[in-house]
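Note sheet for the following structure.
Counting begins at 1 with the first residue of the sequence. Everything numeric here is computed off the predicted structure, so don't read it as measured data.
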Amino acid sequence: MTHSIGIIGSGNISGAYLKIAQELGLFRVAAITDLDLGRAQAQASAHGSRAVELGELLADPEIVAVVNLTPPGAHAATSLAILNAGKHVYSEKPLAVTRADGQAILTAARARGLRVGCAPDTVLGAGLQTARELLDAGRIGRPVAATAFMLGAGPEGWHPDPGFFYQPGAGPLFDMGPYYLTALVNLLGSVGSVGGSAVSAHAERVIGSGARQGQRVPVRTPTHVTAQLTFAASEASEDAGGPVATFIASFDVQASELPRTEIYGTEGTLSLPDPNTFGGPLRIRRTGERDWETIELTRPFQDNARGIGLADLLAAVDHSTPTAPVVSWRITCWT
């Protein structure tokens with residue numbers, strides 16, 4: 001069944017959803033809206049959709065699900081409005097800025113018998129799904145530990161309007177951290193405990209490109225976060241305890257040679273691809289081996305396929321299951 005969906009927000013990421021809708025053919029974008037309706041019209045015209053006011057989109061009986069692409073601070077209110085309109089919601093990350101708001105969204109969905117999905121869906125891509133296969137097959141033995149590093153100097157050097165990156169609900173942890181944390185949870189299981197600390201290197205950032213080049217934006221959220229994660233033990237490793245992971249997310253690092261993500265097992269190491277992508281490279285080095293082996297990816301979606309998480313949610317709706325695999329994905333993002 002090809003479902004009709006709506007999109008709220010027509011920023012850069014909306015193009016990816018409009019593109020994958022045409023490529024997959026599993027859903028169609030019936031309407032798109034934005035506070036700037038002219039911007040929504042430009043996206044709609046380029047992708048064969050239509051631009052409408054928010055109220056019209058939410059009232060459209062043809063639309064069964066709505067993608068929430070608003071700024072992070074508006075995610076909770078927008079998702080609740082979508083649910084109140086009787087439609088399933090798929091949100092860009094983060095689900096909400098606070099835990100309480102996130103819980104309110106899930107509670108509202110359960111009360112109405114609706115589904116909630118949240119990006120990132122890169123864990124459904126070829127790279128991380130193949131990594132999942134390797135772990136399940138015991139290729140590196142029992143996972144013991146992991147490291148994950150998202151290190152950069154911040155988006156103001158290339159983004160023409162980066163102010164929202166430095167507000168509560170963004171920063172490196174909320175903006176980029178979900179890719180790394182979702183990958184770790186998908187591969188290692190649920191997190192039992194978390195500890196960490198955070199700092200900010202600068203009180204302001206200077207915009208480096210576009211019409212506002214040279215202007216300063218205030219920093220109102222931590223820009224360097226370090227965390228220690230302890231994962232819940234599986235039945236097979238209950239005596240040894242669950243894996244531990246070190247995660248650092250930063251907009252304060254000018255240069256680094258650290259890997260993106262690595263998982264260390266009793267019989268080898270798995271080097272993961274950038275979790276902000278769908279493909280590789282994926283490498284493994286087992287105990288006693290002198291060289292890394294590049295693993296051929298066995299799953300579909302190696303290229304940018306943002307929106308396959310929405311397709312997975314809609315398939316779950318069709319099959320009335322918590323998740324209904326379009327290919328045979330293993331993920332637990334939906335309620």
Side-chain angles (χ1 to χ4, degrees), residues 1-72 74-75 78-79 81-93 114-126 159-161 164 210 276-279 299-319 323-327 329 333-334:
M1 178 185 298
T2 302
H3 290 288
S4 294
I5 65 112
I7 294 178
I8 300 177
S10 57
N12 290 339
I13 193 63
S14 65
Y17 286 89
L18 289 157
K19 180 174 180 287
I20 199 68
Q22 295 173 328
E23 291 179 355
L24 288 179
L26 298 176
F27 58 87
R28 59 177 291 269
V29 181
I32 183 170
T33 190
D34 193 279
L35 289 175
D36 182 348
L37 202 58
R39 187 166 67 166
Q41 181 62 60
Q43 283 287 54
S45 298
H47 294 90
S49 185
R50 61 192 176 97
V52 299
E53 297 287 350
L54 175 62
E56 182 179 347
L57 186 150
L58 293 179
D60 189 336
E62 182 185 19
I63 293 174
V64 300
V66 179
V67 181
N68 180 359
L69 304 183
T70 60
H75 279 188
T78 303
S79 290
I82 294 168
L83 294 169
N84 287 336
K87 303 182 188 304
H88 308 287
V89 60
Y90 185 86
S91 175
E92 262 299 324
K93 41 74 183 171
L114 296 168
R115 309 239 177 209
V116 173
C118 186
D121 55 5
T122 48
V123 290
L124 301 180
H159 199 289
D161 190 17
F164 73 94
N276 190 19
T277 65
F278 288 80
R299 295 294 184 124
F301 303 114
Q302 295 189 33
D303 300 323
N304 187 358
R306 296 179 196 279
I308 58 174
L310 172 61
D312 192 51
L313 181 146
L314 294 171
V317 170
D318 286 341
H319 293 82
T323 60
V326 175
V327 176
W329 297 314
C333 282
W334 322 125

Tell me, do L18 and I7 make a side-chain contact under 4.5 Å, heavy atoms counted? yes

Closest heavy-atom contact between I32 and S14? CD1-CB, 4.4 Å

When S79 is tested against each of N84, N68, T70 for side-chain hydrogen bond (donor to acceptor under 3.5 Å, both in side chains), which residue passes? N68

Considering all heavy atoms, the nearest A40-A51 contact: C-CB, 3.8 Å

If you define the side chain from C-beta out and look only at heavy atoms, does anything of L58 sit under 4.5 Å from I82? yes

Spacing of L57 atom CG and I8 atom CD1 [to the nearest 0.5 Å]: 5.5 Å

Going from CG on L124 to CZ on R299, what distance comes out if it is rounded to the nearest 0.5 angstrom? 10.5 Å

I want to check something: taking the side chain as every heavy atom from C-beta on, are V89 and V66 in contact at a cut-off of under 4.5 Å? no

Out of V317, L314, L114, which residue meets the side-chain contact (heavy atoms from CB on, under 4.5 Å) rule with V64? L314

Using the rule side-chain hydrogen bond (donor to acceptor under 3.5 Å, both in side chains), only one of R306, Q43, E92 pairs with Y17; which is it? E92

Would the distance check show the side chain of D34 and the main-chain N or O of R39 forming a donor-acceptor pair, the cut-off being under 3.5 Å? no

Minimal heavy-atom distance between V29 and A21, with the atoms involved, is CG2-CB, 4.0 Å

Output the distance between atom OG1 (T122) and atom CZ (F301), rounded to the nearest 0.5 Å. 13.5 Å

Is L310 close to I20 at the side-chain level, that is, under 4.5 Å between some pair of heavy atoms? no

Looking only at heavy atoms, which two atoms of L24 and I308 are closest? And how far apart? CD1-CG2, 3.9 Å

Are T33 and E56 packed together at the side-chain level, in the sense that at least one heavy-atom pair is separated by less than 4.5 angstrom? no

Where is the tightest heavy-atom contact between H47 and K19, given as atom of each residue plus distance? CD2-N, 4.2 Å

S91 to H75 - nearest heavy-atom pair and separation: OG-ND1, 3.7 Å

Pairwise side-chain contact, V67 with F27, heavy-atom cut-off 4.5 Å (strictly under): no

Does D303 reach the side chain of F278, with side-chain heavy atoms less than 4.5 Å apart? no

